[in-house]
Amino acid sequence: MDLSIVVPVYNEEENIPLLYQAITTAVAPLGLEWEVLLVDDGSKDGSLKALEALAGKDAEHVRIIALRRNFGQTAAIAAGIDHASGDVVVLMDADLQNDPADIPRMLEKIAEGYDVVSGWRKDRKDDFATRTLPSRLANGLISAVTGVHLHDYGCTLKAYRREVLTGFKLYGEMHRFIPVYASSVGARIIELPVRHHPRRFGKAKYGLERTAKVILDLFTVKFLSSYANKPIYLFGGTGIGLMTLSGIGLLYLFIRRVFFGVSVLGSPLFQMSTMIFILGFQSILMGLIAELLVRTYHESQGKPTYTIRKLVNLSPNGHSQDD
Ligand code: UDP
Ligand code: MG
């Protein structure tokens, strides 16, 4: 299988036939082996019926995964990825705001050697105050914190080489951070401006509250992508910083006491310094516990701490090819 298109669907009954049309029109002429995985995320309208009708019509290309209840867009996407068998996986929304006509250009970029092609809704057709503006701020923040510089994390339309999608699980609202995970395993990423249309049928499922969730997820992602292998660097670094701060405070009190005869207990600085010292020490201990957890994580699952792009004269199990 060359291409899998994964689409989460929640209450999109009017969009489904049009979506299928648009995907087929875009993909069929490419002469690839392809499939579209439509994940019904517990829709309450006729979406599942519409999907089943499609699957009956085009059993060669249409696959359906029906979740038992509404688990959210990220979980639906994860279910689709888990069942996809294509070498390239393209994610997109079901509401036709993304345009499947962009898929061939994305595949060209993958063929050029990129691992991730990230769609960028350069000319976005959503409400400015509640969607476009918060999203622009969030994108700036994510890009500054993670060091993966993309204009549009929120655009679902992205193409991935399969290998970069393995090795992590998606939680919360985290599908938008897949490029960050991919980058942490060494993926080559390129951005591609894509079309964006206003929603014609159905309702948008999110509002402003999503921005808060995205920012909380950002903490987790930053921690996991930068420190998951070496948590002691974060906790220990904080600990050493705090203990140094407390050391400076205590030294200052000591000098004042010895040379100027000022009582140590007369100022709150003494209590503060001791407290900061304890915090710093605790932080180092927490780092050590985190190190234990990391070892359990990697060793219990036999997960390596590195990822390989290519082997030459070597098979994946580590022997040279002729023995
Ligand atoms: N979606 C889903 N489960 C949900 C909410 C949304 O599968 O709980 C799907 C929805 O059907 C659509 C995509 O996720 O295909 C994006 O949803 P929406 O268009 O509402 O989000 P926006 O484009 O506003 O970010
Ligand atoms: Mg949408």
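Just so it is clear, the values below take in all heavy atoms, side chains as well, and ignore hydrogens, waters and symmetry mates.
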*Of all the heavy-atom pairs spanning Gly119 and Lys158, show the shortest one and how long it is.*
O-NZ, 3.4 Å

*Please name all residues satisfying side-chain contact (heavy atoms from CB on, under 4.5 Å) with Ser226, sequence neighbours left out, ordered by chain then number.*
Lys222

*So if you build clusters from Ile, Leu, Val, Met, Phe, Trp, Tyr with side-chain heavy-atom gaps below 4.5 Å, do Leu253 and Leu242 land together?*
no

Show which side-chain atoms of residues 265-278 pair as donor or acceptor with protein atoms under 3.5 Å away, not counting sequence neighbours.
residue : atom : partner : partner atom : Å
Ser267  : OG   : Leu269  : N            : 3.2
Ser273  : OG   : Leu269  : O            : 2.8
Thr274  : OG1  : Phe270  : O            : 2.5
Thr274  : OG1  : Gln271  : O            : 3.3

*Considering residues at least two apart in sequence or located in another chain, which fulfil the side-chain hydrogen bond (donor to acceptor under 3.5 Å, both in side chains) criterion with Tyr297?*
Lys303

*For His61, what residues pass the ring-ring contact (aromatic ring centres under 6.0 Å, His included) criterion, not counting sequence neighbours?*
Trp34

_Val62 with Leu30, same ILVMFWY side-chain cluster at under 4.5 Å_ = yes

*Taking atom types as modelled, find out whether Asp40 and Ser47 have a side-chain donor-acceptor pair closer than 3.5 angstrom.*
no

*What do you reckon, is OH of Tyr114 surrounded by more than 12 foreign heavy atoms closer than 6.0 Å?*
no

_Does this structure show an ion pair linking Lys49 with Glu52, if we count only N-O contacts that are shorter than 4.0 Å?_
no

Give the table of side-chain donor-acceptor pairs shorter than 3.5 Å for residues 74-91, with sequence neighbours excluded, one pair per line with atom names and distance.
residue : atom : partner : partner atom : Å
Thr74   : OG1  : Gly172  : O            : 3.0
Thr74   : OG1  : Met174  : N            : 3.4
Thr74   : OG1  : His175  : ND1          : 2.7
His83   : ND1  : Ala79   : O            : 2.8
Ser85   : OG   : Glu35   : OE2          : 3.3

*Residues which pass side-chain contact (heavy atoms from CB on, under 4.5 Å) with Arg257, listed by chain and number, not counting sequence neighbours*: Val264

*Got Ile232 and Leu288 here, is their nearest side-chain heavy-atom distance under 4.5 Å?*
yes

*Should the heavy atoms of other residues, nucleotides or ligands under 6.0 Å from OH of Tyr206 be counted, would the total exceed 12?*
yes

_Tell me whether Lys205 at atom NZ has more than 12 heavy atoms from other residues, nucleotides or ligands lying less than 6.0 Å away._
yes

*Of the non-hydrogen atoms in Ala182 and Val116, which two are nearest, and what is the gap between them?*
CB-CG2, 3.8 Å

*asked:* If you count heavy atoms of other groups shown closer than 6.0 angstrom to CZ of Arg162, is the number above 12?
replied: yes

*Which residues share a side-chain contact (heavy atoms from CB on, under 4.5 Å) with Ala228, sequence neighbours left out*: Leu224

*ring-ring contact (aromatic ring centres under 6.0 Å, His included) against Tyr181, all qualifying residues, sequence neighbours excluded*: Phe168

*State which residues pass salt bridge (Lys or Arg N to Asp or Glu O under 4.0 Å) with Glu291; sequence neighbours excluded, sorted by chain then number.*
Lys230, Arg295

Just distance, no hydrogens or angles: give the donor-acceptor pairs under 3.5 Å from side chains in residues 146-154, sequence neighbours left out.
residue : atom : partner : partner atom : Å
Thr146  : OG1  : Ile142  : O            : 2.7
Thr146  : OG1  : Val148  : N            : 3.2
His149  : ND1  : Ser143  : OG           : 3.1
His151  : ND1  : Glu191  : OE1          : 3.0
His151  : ND1  : Glu191  : OE2          : 3.3
Asp152  : OD1  : Arg121  : NH2          : 2.8
Asp152  : OD1  : Gly154  : N            : 3.4
Asp152  : OD1  : Cys155  : N            : 3.2
Asp152  : OD2  : Arg121  : N            : 2.9
Asp152  : OD2  : Arg121  : NE           : 2.8
Tyr153  : OH   : Val148  : O            : 2.2

_Set of residues satisfying salt bridge (Lys or Arg N to Asp or Glu O under 4.0 Å) with respect to Arg199, sequence neighbours excluded_ = Glu12, Asp95

*Look at atom OH of Tyr252 and say whether more than 12 heavy atoms of other residues, nucleotides or ligands are closer to it than 6.0 Å.*
no

*asked:* Run the side-chain contact (heavy atoms from CB on, under 4.5 Å) test against Leu234 and tell me which residues pass, sequence neighbours left out.
replied: Phe223, Tyr227

*Going hydrophobic residue to hydrophobic residue with side-chain gaps under 4.5 angstrom, can you get from Tyr10 over to Leu51?*
no

_With a 6.0 Å cut-off (strictly less than), is the heavy-atom count around NZ of Lys169, excluding the residue itself, greater than 12?_
no

*Side-chain heavy atoms under 4.5 angstrom apart, residues restricted to Ile, Leu, Val, Met, Phe, Trp, Tyr: same cluster for Tyr171 and Val214?*
no

